[in-house]
Amino acid sequence: AYALPKKEIAENIYLQYATLTATPISPHSYLYEENVIDYGYDTVMAATLLKNAGWTDSDGNKVLEKETESGMTFLEVTILVNAENDARVQIGERLKEELTLLGFQVTLEAVPYDVFAERFEGGDYDLVIAGWKMPLSVNLESFFATNGRYNYIGYADEQTDILLREAAAANAEGFVL
C-alpha cells in the first residue's frame, strides 16, 4: 500500500475523475467510515517495513532477498491485469516501477479478459488490479464474508461475518446504519 502513488494515479491516469478513499466503500455511501487508517504513498515506510522483515540486497543486484529454510529467496511478485483496460495496465506499469525501485523483481501480466477472469476468480495471482462497481446501498457479504461469492481476496474473519450479517439484516429492514 505504501508503494502505490494513489494521488498521482488519480491525477494522471484517471485525469482527476477518481475519488480517493482508504476503503473499498464509496465516500457517498452510508457505509463509508472516515476514521480508518490510510496507508498513503510513503516509499521510506515501505522500504523500512521490508528491511524490518529481513529483506536485503546482499549481492548488489537491486533485488531484495533473504535466507529462508528452503534457501535464498528473492522478493518476486506478479501483477495481474486485463489487457483491454488501458487505465489498469497503466496502473500496473506504475506500480511495477515503484516496486522495482523498492527491490522487488516484478512481472506485469496483461492478459486477455477471459484469462484474467479465470485467474482472478481462481486466486491465481500475487497482486491484481481490478475493480468492483457497487451501488451506494449494498450488501457487502458477497465481497467480504468468509466464502463470499466475490471474495476473491480470500478474506476470512468470524467477527466480520457477524457484523456483515447484522448490517445486511438492518439494511433489509430499512434501518439506516
Side-chain angles (χ1 to χ4, degrees), residues 1-26 36-68 70-134 140 142-144 146-157:
Y2 288 119
L4 186 63
K6 293 186 285 188
K7 288 181 183 178
E8 177 189 318
I9 288 168
E11 291 173 8
N12 297 333
I13 296 174
Y14 288 109
L15 305 176
Q16 300 180 358
Y17 287 100
T19 302
L20 294 179
T21 178
T23 73
I25 307 301
S26 168
V36 296
I37 297 172
D38 185 358
Y39 298 96
Y41 179 61
D42 186 345
T43 56
V44 172
M45 177 60 82
T48 299
L49 290 171
L50 290 168
K51 182 178 179 181
N52 290 347
W55 295 98
T56 61
D57 182 14
S58 58
D59 60 6
N61 69 349
K62 298 187 181 185
V63 176
L64 298 178
E65 66 271 336
K66 72 177 175 179
E67 190 67 39
T68 64
S70 58
M72 189 62 73
T73 301
F74 293 94
L75 189 55
E76 300 174 318
V77 67
T78 298
I79 303 169
L80 178 65
V81 62
N82 62 302
E84 299 84 358
N85 190 310
D86 291 337
R88 291 182 186 160
V89 171
Q90 289 177 55
I91 293 168
E93 291 168 348
R94 187 67 184 90
L95 182 56
K96 178 180 178 175
E97 290 172 13
E98 290 293 330
L99 293 175
T100 299
L101 289 172
L102 285 168
F104 283 77
Q105 185 171 340
V106 183
T107 302
L108 176 61
E109 292 185 354
V111 298
Y113 184 79
D114 58 334
V115 175
F116 171 84
E118 181 179 324
R119 290 185 52 197
F120 181 55
E121 292 175 12
D124 183 18
Y125 56 86
D126 296 322
L127 297 175
V128 64
I129 299 173
W132 289 317
K133 291 185 181 180
M134 297 188 287
L140 298 173
S142 294
F143 298 95
F144 299 108
T146 304
N147 299 318
R149 180 177 178 190
Y150 303 113
N151 184 356
Y152 300 120
I153 59 175
Y155 184 78
D157 178 74

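What you see below is based on every heavy atom in this structure, not just the backbone, and it leaves out hydrogens, waters and symmetry mates.
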Enter the distance from Phe144:CZ to Asp157:CG here, rounded to the nearest 0.5 Å.
13.0 Å
Does Ala87 have any side chain to side chain contact (heavy atoms under 4.5 Å, CB included) partners at least two apart in sequence or in another chain, and if so, which?
Ile13, Tyr14, Asn85
Could you check Thr78, Val77, Leu80 and say which one makes a side-chain contact (heavy atoms from CB on, under 4.5 Å) with Thr107?
Thr78
Salt bridge (Lys or Arg N to Asp or Glu O under 4.0 Å) partners of residues 47-66, not counting sequence neighbours, each pair once
none
Under the salt bridge (Lys or Arg N to Asp or Glu O under 4.0 Å) test, residues paired with Glu97 that sit two or more places apart:
Arg94
Just list the side-chain donor-acceptor pairs under 3.5 Å for residues 110-122, sequence neighbours left out, or say none.
residue: Arg119; atom: NE; partner: Asp124; partner atom: O; Å: 3.2
residue: Arg119; atom: NE; partner: Asp124; partner atom: OD2; Å: 3.3
residue: Arg119; atom: NH1; partner: Glu109; partner atom: OE1; Å: 2.4
residue: Arg119; atom: NH2; partner: Glu109; partner atom: OE1; Å: 2.8
residue: Arg119; atom: NH2; partner: Asp124; partner atom: O; Å: 3.2

Atom CD of Glu93 and atom CD1 of Ile79: how far apart are they, to the nearest 0.5 Å?
10.0 Å
All ring pair (Phe, Tyr, Trp, His ring centres under 6.0 Å) counterparts of Tyr150, not counting sequence neighbours:
Phe143
Is it the case that more than 12 heavy atoms not belonging to Ile37 sit under 6.0 Å from its CD1 atom?
no
For Thr100, the side chain to side chain donor-acceptor pair (under 3.5 Å) test, sequence neighbours excluded, returns none
Please identify each residue that fulfils side chain to side chain contact (heavy atoms under 4.5 Å, CB included) with Leu75, with sequence neighbours left out.
Leu50, Trp55, Leu64, Phe104
What residues form a side chain to side chain donor-acceptor pair (under 3.5 Å) with Ser70, not counting sequence neighbours?
Thr68
Going by side chain to side chain contact (heavy atoms under 4.5 Å, CB included), name the residues that satisfy it together with Gln105, two or more places apart in sequence or in a different chain.
Val63, Glu76
Residues passing the side chain to side chain donor-acceptor pair (under 3.5 Å) test with Asp126, sequence neighbours excluded, are none
If you draw a 6.0 Å radius around CG in Asn147, do more than 12 non-hydrogen atoms from other residues or ligands fall strictly inside?
no
For residues 38-48, tabulate all N or O donor-acceptor pairs below 3.5 Å that involve a side-chain atom, not counting sequence neighbours.
residue: Asp38; atom: OD1; partner: Lys6; partner atom: NZ; Å: 3.1
residue: Tyr41; atom: OH; partner: Glu98; partner atom: OE1; Å: 3.0
residue: Tyr41; atom: OH; partner: Glu98; partner atom: OE2; Å: 3.0
residue: Asp42; atom: OD1; partner: Val44; partner atom: N; Å: 3.3
residue: Asp42; atom: OD1; partner: Met45; partner atom: N; Å: 3.0
residue: Thr48; atom: OG1; partner: Val44; partner atom: O; Å: 2.8

